A.B. asks: 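Once you've had a glance at the structure underneath, I'll fire off some questions.
Since the model is a prediction, treat every value here as computed from it, not as a measurement.
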Amino acid sequence: MGDTSTNLEKKAGSGRDLMDDLLPKDPTTPELNDTEHTETVDTELSIGSDDADTSQKEVLNEPDQLENQLSKLQIASNSSAPSSLNNRYDIYPSAPLPEFNSPSARAFKVEDRMQPRLKLFGLICIPGLPIRLNEIEKISGKVLPGNLNLISFGNINWPILNQKCLVLIFKQPLGQRIDRFFQSEDVPKIKKLDAIKLIAKTGVTSLFSLQERQLTNRSIRPDNIFFSDEDHEEIVFGEFVTSPPGFDQPIALETINRGMAGEGGRGPGTLDDDIYALGATLALLIQKQNPVRGKSGEEIIFSKMTSNSYSALVGKNLLTKELLGLIRGTLQDDTEMRWGFQELDTWLRGRHVKQSKNIISKKSRRSLRFGGVDHKNLRTVAYSMSTRRDSAIDIIKTGTLENWIENNFEETELVNAISLAKENAQAFAETMAHSDELLLSRIIMLLDPKAPITYKDVNYMPDSFGSAVAIEILRGGSSHTYVESVINGIPDIWYSISDGKNPYQFTEKEFYSRMTGYLQRAGPGFGIERCLYESNPGFACQSPLIVKENIFSIEFLLQTLNLAEKTVDTKKSPIDRHIAAFMGARSNSDIDESLSKLGDLDDTIKTLSMLKLLVNLQDTMNSGTLLGLAKWIGGLMGPIIKLYHSRKKRKEVEAAVPKIIRGGNLSELLALLDNPQEKKEDERNFEIAAKQYAEADDEIEKIRVTTGPESESGDRTSKQAAAGISGLAMILIIIIMIIS
């Protein structure tokens, strides 16, 4: 496909389960061509007095699939009783609160039984969409100045979707969303100016509180900021945990680097990215007319690349110029030049902060025509090549790209690196699969080392592999290209080119080394499933056996399987590929050796390994009685029982299994079936019996050899018998003759 977004939009209608209709579409637009620029998409935020009648979803010009699906289900479920969380919070399916919706979660009324007058709302997360579980656990019950505080969270039975869903409980902000406030023509300009200043100050405070907890927001945007009071004197930033980092962000609010990645591949990033998003949010709010209105995602990225983010996002029709210093400092494209917390603190204190000049990318004397655009910038060429790969291969192989760089830039090392890459690709062309794609990926990353990892039709930041794969699968796509990129060492190429500039490079390289190891092992507990759970702590177990239970933690696995016994095919193992991978990723101990035996060709080894894994988990988690699971497993123990040679012992074990099953203790079942002493005794008796059998067999053979028809003894005996018979015959003949 031309780019990741285009394919994702095509796949959006063919996903599995609820994902077909529940996931919002990818905001990135199709690629540009010579004749037209696609009108946009998600970058439009509809802010300013002239946009009062246009909502963000109208600008998107596409239906919100999640909203449509939930609306249908709500109509059918209006009479549903409230769902309860922790026997304290009642969440009402019949009372949606759309004013508090998030792009990837829907809001409903919540009542606190202990404080019934407290106004709360609950966000129901999309089942199967990776959430930011680590962040949820860190902020739950904590007060984060400037941020919407998470009161509680957990799984509830949700009748609208007929399954368990994660709900996040928040206190309702008493004022409206900021974007609605700015869209209103009734709000005086002076109040908008006061609100912008309040957003700036609260935004800095919010980022400070996240810094203390080593968290990133990655969801700072105009439609995710609220007035926390009715008088519009206090601001609070909205939730940021219901979807992967950056997943719901418009491209205009993402840095150039992360904006180029697919929606699931933008990554958690750093607070530098949040500082940028705050600056971009302020830039859009201070303008009477949105400067990115009507522009596609690709056009916005090109605009940022050819000039800079400040120039691309800040027009001339401003409500105020008072905050331009803050905006310019936070929108620096070079992170070393971008304001950090020291500068923000200085600004908060009302002191002057010296501005750094925007670094202007070097431009060529002559342009390179590619993808319908005249390029004078290495970054725009690289970005355009990543979305038009067939054409990109042509300009590489013909030497067009090298000649242009050599004639217009003082980049001798770059030209040499491209030449060397071409030579290596040509040398291995016949023996290496996808040599052209590998060559193109390397050259794109050479042209723009800050860009995402790129391979074929996928683009993802190095810290986002897991969420990128999860989103692709949930869209109905395939993980194959992502797997191929790791197996072919594309992340390693990215790190070698970035040359240690990434502060998390060592940790991430070690991560990809582990992922490669998992991908190279095909059995249960490994493969892409293991990668998904290892890299997405907030990814619920997707096993068809328990997917509707939406479990994130291994401590709930056995009890969930125990209940599932009533509804699943118990002739199959309770540990499928997803559950095996989930156990491997979530276990506190290394169980890879045991997992590897699940793929053994011997049913006995496979079944015994399954039982041992479950016993270990039951003992570790103190899961208590598991009647359903014990019954399920008991019915699968035939191969293990057959290990005993003694028919009598088999009958004894078969008779004992039902008694143990009624106790629900898997350890007792394992002790019965895998008793070392009993096995040793059975084996010893078998060896004795085998020896006796061999001795008897030898005796039979000996008898056959010594007394058989062909033996010497047999031959002598037969001759004697023949002689005797002949003598008797002669006597009989003589007697007959005498009588005659």
Side-chain angles (χ1 to χ4, degrees), residues 3 31-32 34 255-261 298-312 331-338 356-426 436-455 459 461-462 490 492-502:
D3 61 24
E31 63 187 32
L32 300 174
D34 291 329
T255 62
I256 295 174
N257 307 335
R258 296 190 181 273
M260 287 188 279
E298 188 171 22
E299 287 175 308
I300 293 171
I301 290 174
F302 266 66
S303 179
K304 291 180 179 181
M305 286 179 173
T306 53
S307 54
N308 54 64
S309 291
Y310 179 82
S311 299
L331 283 182
Q332 291 281 350
D333 291 315
D334 188 330
T335 54
E336 293 183 4
M337 299 295 181
R338 191 178 303 156
S356 299
K357 292 183 178 180
N358 277 298
I359 297 176
I360 300 175
S361 300
K362 187 175 181 180
K363 295 182 179 180
S364 62
R365 294 185 296 275
R366 298 183 63 181
S367 60
L368 173 68
R369 183 73 176 175
F370 180 77
V373 177
D374 291 324
H375 299 271
K376 291 192 173 185
N377 183 307
L378 291 176
R379 295 202 79 185
T380 62
V381 172
Y383 177 51
S384 189
M385 288 172 69
S386 71
T387 60
R388 299 163 179 83
R389 300 183 77 88
D390 290 340
S391 302
I393 287 291
D394 291 338
I395 68 167
I396 292 171
K397 289 189 171 182
T398 59
T400 303
L401 178 65
E402 284 173 274
N403 292 335
W404 176 67
I405 296 173
E406 189 171 17
N407 294 331
N408 291 276
F409 298 93
E410 295 177 0
E411 294 284 355
T412 304
E413 289 187 11
L414 176 59
V415 173
N416 291 339
I418 292 174
S419 298
L420 179 61
K422 288 172 63 177
E423 291 173 7
N424 290 336
Q426 187 173 2
D436 281 354
E437 287 291 349
L438 292 169
L439 170 64
L440 178 55
S441 293
R442 180 180 289 275
I443 289 178
I444 289 172
M445 290 186 278
L446 283 170
L447 293 173
D448 186 3
K450 297 179 181 178
I453 293 170
T454 177
Y455 180 72
N459 299 279
M461 295 303 291
I490 303 299
D492 291 335
I493 296 174
W494 191 94
Y495 288 115
S496 67
I497 292 172
S498 70
D499 195 25
K501 294 177 182 177
N502 180 354

A.B. asks: State, to 0.1 Å, how close His375 and Phe302 come at their nearest heavy-atom pair, and which atoms those are.
C.D. replies: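 That would be CE1-CE2, 3.5 Å.
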A.B. asks: Within this structure, what is the CD1-CG distance for the pair Ile443 and Leu401, rounded to the nearest 0.5 Å?
C.D. replies: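 With rounding to 0.5 Å, CD1 (Ile443) is 6.5 Å from CG (Leu401).
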A.B. asks: Quick one, Ile497 and Ile493 - any side-chain contact, counting heavy atoms below 4.5 Å?
C.D. replies: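 The answer is yes, as the side chains (C-beta and beyond) meet within the 4.5 Å cut-off.
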A.B. asks: Between Met385 and Thr454, is any pair of side-chain heavy atoms under 4.5 Å apart?
C.D. replies: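 The answer is no, as the side chains (C-beta and beyond) never meet within the 4.5 Å cut-off.
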A.B. asks: Using the ring-ring contact (aromatic ring centres under 6.0 Å, His included) rule, collect all pairs that involve residues 389-408, keeping only residues at least two apart or in two chains.
C.D. replies: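 Listed once each, the pairs are Trp404-Phe409.
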A.B. asks: Report the residue from Arg442, Lys422, Lys397 that forms a salt bridge (charged side-chain N to carboxylate O under 4.0 Å, His left out) with Asp436.
C.D. replies: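 Looking at Arg442, Lys422, Lys397, the match for Asp436 under the salt bridge (charged side-chain N to carboxylate O under 4.0 Å, His left out) is Lys397.
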A.B. asks: How close do Lys304 and Ala312 get, heavy atom to heavy atom, and via which atoms?
C.D. replies: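 Residues Lys304 and Ala312, closest heavy atoms: CG-CB, 3.9 Å.
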A.B. asks: For a 4.5 angstrom cut-off between non-hydrogen side-chain atoms, does Glu298 reach Ile301?
C.D. replies: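 The answer is no, as the side chains (C-beta and beyond) never meet within the 4.5 Å cut-off.
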A.B. asks: Once you round to the nearest 0.5 Å, how far does NZ of Lys362 lie from CG of Leu378?
C.D. replies: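 So the NZ of Lys362 and the CG of Leu378 are separated by 9.0 Å.
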A.B. asks: To the nearest 0.5 Å, how far apart are CG in Leu439 and CD in Gln426?
C.D. replies: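 So the gap between those two atoms works out to 10.0 Å.
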A.B. asks: For residues Tyr495 and Met445, determine if any side-chain heavy atom of one lies less than 4.5 Å from a side-chain heavy atom of the other.
C.D. replies: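 Sidechains of Met445 and Tyr495: no contact.
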A.B. asks: Quick one: which of Thr255, Ile300, Asp333 gives a side-chain contact (heavy atoms from CB on, under 4.5 Å) with Ser309?
C.D. replies: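 Between Ser309 and the candidates, side-chain contact (heavy atoms from CB on, under 4.5 Å) is satisfied uniquely by Asp333.
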A.B. asks: Looking only at heavy atoms, which two atoms of Glu437 and Arg389 are closest? And how far apart?
C.D. replies: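 Looking at all heavy atoms of both residues, the closest pair is OE1-NE, 2.8 Å.
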A.B. asks: Between Asn408 and Arg366, is there a donor-acceptor pair closer than 3.5 Å when you use the side chain of the first and the backbone of the second?
C.D. replies: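 Yes.
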A.B. asks: Could you walk me through whether Val381 and Val373 pass the side chain to side chain contact (heavy atoms under 4.5 Å, CB included) check?
C.D. replies: CA-CA 9 Å; Val381 172; Val373 177; over 6 Å; no
A.B. asks: Between Ser384 (side chain only) and Thr380 (backbone N and O only), is there a donor and an acceptor less than 3.5 Å apart?
C.D. replies: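 Not a single qualifying donor-acceptor pair exists.
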A.B. asks: Mind checking whether Asp448 and Lys450 have side chains closer than 4.5 Å, heavy atoms only?
C.D. replies: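 Contact flag for Asp448/Lys450 side chains = yes.
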A.B. asks: Between Arg338 and Thr335, is a side chain to side chain contact (heavy atoms under 4.5 Å, CB included) present by the stated rule, with each step listed?
C.D. replies: CA-CA 5 Å; Arg338 191 178 303 156; Thr335 54; 3.8 Å; yes
A.B. asks: Taking the side chain as every heavy atom from C-beta outward, state whether Asn257 and Arg379 have any atom pair closer than 4.5 Å.
C.D. replies: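 Asn257 vs Arg379: side chains touch.
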A.B. asks: Would you say the side-chain atoms of Thr400 and Arg369 include a donor-acceptor pair closer than 3.5 Å?
C.D. replies: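 Absent: no donor and acceptor within the cut-off.
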A.B. asks: Measure the spacing between CG of Leu447 and CG of Leu414 and express it to the nearest 0.5 Å.
C.D. replies: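 Here the interatomic distance stands at 5.5 Å.
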A.B. asks: With distance as the sole test, does Trp494 use its side chain to make a donor-acceptor pair with the main-chain N or O of Ala451 at under 3.5 Å?
C.D. replies: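 A pair under 3.5 Å: yes.
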A.B. asks: Under the 3.5 angstrom rule, does the side chain of Ser303 hit a backbone N or O of Glu299 as a donor-acceptor pair?
C.D. replies: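 Here the side-chain-to-backbone pair does not exist.
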A.B. asks: Let me confirm one number: the CD1-CD1 distance from Ile418 to Ile405, rounded to the nearest 0.5 Å.
C.D. replies: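 The CD1 atom of Ile405 is 3.5 Å from CD1 of Ile418, to the nearest 0.5 Å.
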A.B. asks: Could you state the interatomic distance from CD (Glu411) to CD (Glu406), rounded to the nearest 0.5 Å?
C.D. replies: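 Going from CD on Glu411 over to CD on Glu406, the span is 12.0 Å.
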